[in-house]
Amino acid sequence: MATSILNQFNRIAVKISANTTILSLREGYIALIPFFIVASLITLLNQWLDIAAKGFEHQYLNDFNQLVWGLFPLLSLISFSYHLAKNLKVHTIAAPILVVSCFTATTGYMYIDNNMIHIDQTQGVLYSLFMPIFCSHLLSYLVQVKWLRIVNVSSISLFLRKHINLIFPYLAVTATTLFLYPFVDNSAKWLFSHLLAFQVELTDFGKVFVQLLSTHLFWFFGVHGDNTYHILAPTEVANYVVGEGVANYHFFSAFVLLGGTGCVWAIIIASFLIKGAKHEQHIAKISLPLAVFNISEVMIYALPIVFNPYIIIPFLLAPMINALLSYYAISSGLLAFTAEQTVPWFTPIFLNAWLLTESYFGVLLQVLLVALNVAIYYPFLKIYRRHSMSGKALDMLMKRYSAGREIEDKAESMFAIHHSEQQLEHHCLKEVTDALNQGSLTLYYQPKMDLKTGNVIGFEALLRLKRPDGSVEGPWFLETLAKHKLLDVIDNFVIDQLEVDLDKFALVGLKPKVSFNISPDNLLNGGYKRVVKAFSRFEDQVEVELLESSYIEDFAATIEVVNLLKRSHICCAMDDFGTGYSCLSVLSKLNIDTIKLDRSLLPDASNSKSETLYRHLAQLCTQLGFNTVAEGVETEADEMVVKAANINCVQGFLYHKAMPIEAAIKLLERSPEAV
């Protein structure tokens, strides 16, 4: 029962993590990490040294601190809008401008008074999250509506055409937002006023509970929880005493938020206790110096905790446990606060307990709370580590939708240069970018079979384009991209995605040998460095397939690159041998591991000469020390020819078509002895 519930939770969690909006939020908030760190350090410096109070000449620091946090809603709005627009495949400048315009026109965050622009950070804080979602999704839908387009001709630049066609969708989104905002805002104010009326009547611990739940839920949804709560809540709710005259400020900073929001010290320690949690440990190391001063933004946004369904329970539970135990200690008289002056929120734990209580019991209570928090976080972080996508996998999940955008950006500059002489080619390139923007790239895996045992002995990674309707197509667009020298975008995707997929194989204990293709120009012009960086850790598990043209065009450079790859434990194969450049004299000079005989060499039943050629060619490759693979085996007659040629490794539709990685894993798990 428990296993079934956990599996169902994992499926839901992975689905949530892979959602385009959630991925965009993750990117947007990660992009703001430098801002969070700098802003927090400025606040720390300003309050710690109290510089602004020591003279007018230092007032600028206090003003700058207020301005930085005042701009936070606007900066998060821009960052989130940009990344959401990128992943929804709408213009990454036009969409954020639209969102900012709608946000400032409706919420009152920015207003003009006496010909000066003012910022009211109490307005529109929550809309910085919801406005980008509404406007960007609506814009993404409307740009697909054909009757809203002004121009469809291809005689003008793709860049210009896209922006002209944004005019009517822009108007529609703006009008809809202006119309709906008063209704939404009035409903939100009504609900908020009722919640506040309820909260004012609560007991001290009830107010503690509501503040904890509110701030942590704000943080979980990516909004700066502490700032937002104190902006929205009235004084009688935001400032109160706990127990015998203990300010809630001191109660929270010293005995609830140990290391920052969410009890960051516990997450850091738990991360170091989990074996193999490299991502979490790297983030913990970065967060460690800041956690000393109770700054938690790096851990919240980089781990991430924001929109992370695996962490929400301990993220809420740990501070609740701290509050409950600390409140009991205060109300029962076990813990007494003696400080007569304010102890700043950034004072390190243990020190702040001593300054506030002047007793070892306060310090000991903090130690106990941190230990309990570690125990709470540890199992959830372990589950998160086991089932979540790695940082690389998440990056690839976003990259697989962005290849069309990269190519489109490059195509625009080419259009400006070669407009007159390359109209037809540009039209073809537009078809490619449209197809890539509408679909998503992925890798499929065609098994390589051992004819003697019938086992799977490896795969070839093949590029596929998945259409919005779920259909899957082969890479028909590669020829067009090759003409425009844009294959490097595709090659980089294949390398990065294959690296992620090899980690997926390894996660279930499988280490199949996988081959993949890369364009010769890219490989020889520095692409081999990316191959080595990605695959040197998968020793003898990856095979790069080269075309014969690589050797023909630059034999010496190809030999050197292949030797370098082999020194990095990356194998090499010659793909499609016999399709146009074949020269038998080259075979004696090759330093590769495998020869793949192209399907075009397979003879038909009526051609005995070609059957003899195929058999002797296979024998020659074997005697020269190459592994030989027969490609394109689709019929039993093909199989008979291959068997007669004593070739053991085959691939083709007769055995398996190319399949998604999930199917490849299941296939291997059914015959683990094949790996």
Side-chain angles (χ1 to χ4, degrees), residues 11 14-15 17-20 23 87-89 140 144 389 392-408 428-449 456 458-482 486-505 508 510 512 514-519 545 575-576 596 598-599 631-635 650-670:
R11 284 192 290 271
V14 171
K15 190 173 182 179
S17 299
N19 178 268
T20 302
L23 287 170
N87 293 327
L88 290 175
K89 297 164 186 173
S140 175
Q144 303 299 322
M389 290 179 285
K392 180 76 172 179
L394 281 168
D395 291 339
M396 284 309 302
L397 193 59
M398 291 177 284
K399 275 187 178 181
R400 70 193 312 166
Y401 297 103
S402 64
R405 175 73 65 188
E406 290 186 53
I407 293 169
E408 187 177 285
C428 295
L429 188 57
K430 180 186 178 301
E431 290 183 340
V432 171
T433 57
D434 286 348
L436 293 178
N437 280 328
Q438 293 167 9
S440 61
L441 293 175
T442 187
L443 289 184
Y444 270 44
Y445 293 86
Q446 184 172 41
K448 297 178 182 178
M449 310 297 295
V456 178
F459 294 94
E460 180 179 0
L462 300 171
L463 186 68
R464 293 292 184 262
L465 176 66
K466 185 173 289 187
R467 292 287 193 176
D469 61 5
S471 61
V472 178
E473 299 176 349
W476 51 268
F477 43 81
L478 293 182
E479 184 177 351
T480 298
L481 296 180
L486 295 171
L487 278 178
D488 59 303
V489 175
I490 301 298
D491 287 338
N492 292 340
F493 169 83
V494 171
I495 292 169
D496 290 341
Q497 185 63 56
L498 180 55
E499 183 183 3
V500 168
D501 287 352
L502 288 171
D503 281 328
K504 288 183 180 179
F505 279 117
V508 293
L510 300 172
V514 182
S515 62
F516 74 99
N517 289 92
I518 184 172
S519 65
E545 296 189 2
D575 189 25
D576 297 339
K596 300 189 72 176
D598 188 68
R599 169 169 172 73
E631 290 186 293
V633 180
E634 299 179 358
T635 66
V650 295
Q651 66 181 98
F653 292 168
L654 181 61
Y655 311 101
H656 293 283
K657 293 184 178 180
M659 60 187 70
I661 183 171
E662 294 79 9
I665 289 174
K666 290 181 180 178
L667 179 64
L668 285 180
E669 288 178 335
R670 289 197 296 268

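Please read these numbers as outputs of a predicted model, since none were measured by experiment.
With sequence neighbours excluded, the residues satisfying salt bridge (Lys or Arg N to Asp or Glu O under 4.0 Å) with Arg599 are Glu634, Asp638. In this structure, Tyr444 has no side-chain hydrogen bond (donor to acceptor under 3.5 Å, both in side chains) partners at least two apart in sequence or on a different chain.
Using a 4.5 Å heavy-atom cutoff, the side chains of Gln497 and Thr442 are not in contact. Considering only heavy atoms from C-beta on, Ile490 comes within 4.5 Å of Leu441 through its side chain. Within the 4.5 Å cutoff, no side-chain heavy atoms of Thr635 are placed close to those of Phe653. At a threshold of 4.5 Å between non-hydrogen side-chain atoms, the residues Pro512 and Leu668 count as touching.
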For Leu654 and Met449, what are the C-alpha separation, side-chain angles and deciding distance, and is it a side chain to side chain contact (heavy atoms under 4.5 Å, CB included)?
CA-CA 11 Å; Leu654 181 61; Met449 310 297 295; over 6 Å; no
Using side chain to side chain contact (heavy atoms under 4.5 Å, CB included), reason through Val508 and Glu669 one step at a time and then give a plain yes or no.
CA-CA 9 Å; Val508 293; Glu669 288 178 335; 4.0 Å; yes
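Distance check, rounded to the nearest 0.5 Å: CG of Leu667 to CD1 of Ile661 gives 12.5 Å. A distance of 11.0 Å separates CG in Asp491 from CG in Asp496, rounded to the nearest 0.5 Å. Rounded to the nearest 0.5 Å, atoms CE (Met659) and CG (Leu462) are 11.0 Å apart. Distance check, rounded to the nearest 0.5 Å: CG of Leu510 to CG of Leu502 gives 11.0 Å.
The shortest non-hydrogen separation linking Leu443 to Leu498 is CD1-N, 3.7 Å. When every heavy atom of Pro475 is checked against every heavy atom of Leu463, the shortest pair comes out as CD-O, 3.3 Å. Closest of all the heavy-atom pairs between Gln651 and Pro447 is CB-O, 3.4 Å. Of all heavy-atom pairs between Ile665 and Lys504, the closest is CD1-O, 4.3 Å.
Counting only distance, with no hydrogens or angles, the side chain of Gln446 and the backbone of His656 share a donor-acceptor pair below 3.5 Å.
Salt bridge absent: Arg464 and Glu473 never bring a charged side-chain N and a carboxylate O closer than 4.0 Å.
For the residue pair Glu545/Ser515, the side-chain donor-acceptor check at 3.5 Å is satisfied.
Using a 30° and 60° split on the angle between ring planes, Phe505 and Phe459 fall in the parallel class, below 30°.
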